[in-house]
2 protein chains.
Amino acid sequence: MEKKIKKSEWDITNCPVRTVLDRFGDKWSILVLLVLGEKQKLRFNEINKEVGSDISQKMLTVTLRKLEADGFIFRTIYPEIPPKVEYEITDLGKSLVPHVDNLTKWAVSNMPAIKRSRERFKK
Amino acid sequence: MEKKIKKSEWDITNCPVRTVLDRFGDKWSILVLLVLGEKQKLRFNEINKEVGSDISQKMLTVTLRKLEADGFIFRTIYPEIPPKVEYEITDLGKSLVPHVDNLTKWAVSNMPAIKRSRERFKK
DNA sequence: AACAATAGTTACCTTGAAGTTAGTTTAGAA
DNA sequence: TTCTAAACTAACTTCAAGGTAACTATTGTT
């Protein structure tokens, strides 16, 4: 059953909405980005604490690597023992923060309405 | 306004960022919302076409139900045979669209930088 | 000798999101 | 009589995100 794609802009690989969500729709990326947006430099374990410490080491590593790959943060490795690594937000990362903040504000002021709607829907 | 974030406020059930992402971090919600934000009323199969038609019937149903439960869209069922159902965006849904648009604009203008960064990172 | 400290890595496992396929409903048309 | 329409629903399968726990490396400290 073939279906034709009417508008090429909706192609998944080109869709801008999708490209954002694919990066930030995961569980930890935005949280980590916001934490690094508030502080200047943070070490691995400091981020772990700031995020709320229910993130596993593994997922923090994975999340930081993805953010670094996309250019939102950068890593500075100090060749010491025990190891020391500092994470810092880039200008690109900073430019995204206000948008997330706006979305957060929207969420805060509209959550009551959403929750009411959900309750109504259950019945 | 306290800028410092205490650990207890990062509790997942209270975190506003998380409450947004839990709803829109999925594969189809935002796409469907934007489609309904552009057109006024659409039937099930019309949405299916607009989204790009690589969404399965099941996932479209699931997505529409979630959006309806949250109060972003509403359904009008016409008791006809064959069935006719119209979907329309609510004011709450409309109020979210500009934020998504802003994020989209950011994504469009920053994707080149992100892609360059990803290429560099691979090496 | 053993341990602590930091920033990981690796192997394994669980869970849930999403996809696939088939079936349901009812009236009218061929 | 069988087919077709639209908008689902149910049963089943697949796959990747995420979690857990153990392990790594190296040095200084007890």
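In what follows, every chain begins at residue 1, and chains take the letters A, B, ... in the order their sequences are listed. Remember, it's a predicted structure, so these values are computed and weren't measured experimentally.
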Phosphate contact ([N] OP1 or OP2) by [X] side-chain N/O below 4.0 Å:
{"X": "B:Tyr87", "N": "D:dA6", "value": "no"}
{"X": "B:Arg43", "N": "D:dA6", "value": "no"}
{"X": "A:Arg75", "N": "C:dG8", "value": "yes"}

How close or far is atom [atom2] of [N] from atom [atom1] of [X], stated in whole angstroms?
{"X": "B:Glu46", "N": "D:dA7", "atom1": "CD", "atom2": "C1'", "value": "13 Å"}
{"X": "B:Asp22", "N": "D:dA17", "atom1": "CG", "atom2": "C1'", "value": "14 Å"}
{"X": "B:Glu80", "N": "D:dC8", "atom1": "CD", "atom2": "P", "value": "13 Å"}
{"X": "B:Lys84", "N": "D:dC8", "atom1": "NZ", "atom2": "P", "value": "14 Å"}
{"X": "A:Lys49", "N": "C:dA7", "atom1": "NZ", "atom2": "P", "value": "11 Å"}
{"X": "A:Leu60", "N": "D:dG19", "atom1": "CG", "atom2": "P", "value": "11 Å"}
{"X": "B:Lys41", "N": "D:dA7", "atom1": "NZ", "atom2": "P", "value": "14 Å"}
{"X": "A:Ile77", "N": "C:dT6", "atom1": "CD1", "atom2": "P", "value": "17 Å"}

(request) Indicate yes or no: does B:Glu86 engage B:Arg43 in a salt bridge with an N to O separation below 4.0 Å. (result) no

(message) I'd like to know if B:Glu46 pairs up with B:Lys49 as an ion pair, taking the criterion as any Lys NZ or Arg NE/NH1/NH2 lying under 4.0 Å from an Asp or Glu carboxylate oxygen.
(response) no

Could you give the side-chain donor-acceptor pairs of residues 97-108 of chain B under 3.5 Å, partners two or more places apart or in another chain?
residue: B:Thr104; atom: OG1; partner: B:Val100; partner atom: O; Å: 2.7
residue: B:Trp106; atom: NE1; partner: A:Ser95; partner atom: O; Å: 3.4
residue: B:Trp106; atom: NE1; partner: A:Ser95; partner atom: OG; Å: 3.0

(message) Using the ring centroid of each side chain, check whether B:Phe24 and A:Phe24 are separated by less than 6.0 Å.
(response) no

(message) Between A:Phe72 and B:Ile114, does the side chain to side chain contact (heavy atoms under 4.5 Å, CB included) criterion hold? Intermediate values first, please.
(response) CA-CA 8 Å; A:Phe72 297 120; B:Ile114 293 171; 3.7 Å; yes

(request) Mind running salt bridge (charged side-chain N to carboxylate O under 4.0 Å, His left out) on B:Glu119 and B:Lys122 for me, showing each step along the way? (result) CA-CA 5 Å; B:Glu119 282 306 312; B:Lys122 270 199 272 187; 3.3 Å; yes

(request) Measure across A:Phe74 and A:Ile89 and return the closest heavy-atom pair with its distance rounded to 0.1 Å. (result) CE2-O, 4.0 Å

(message) Treating primed atoms plus P, OP1 and OP2 as sugar-phosphate and everything else as base, which nucleotides of nucleotides 16-26 of chain C get B, S or - for protein heavy atoms under 4.0 Å?
(response) --BBB-----B

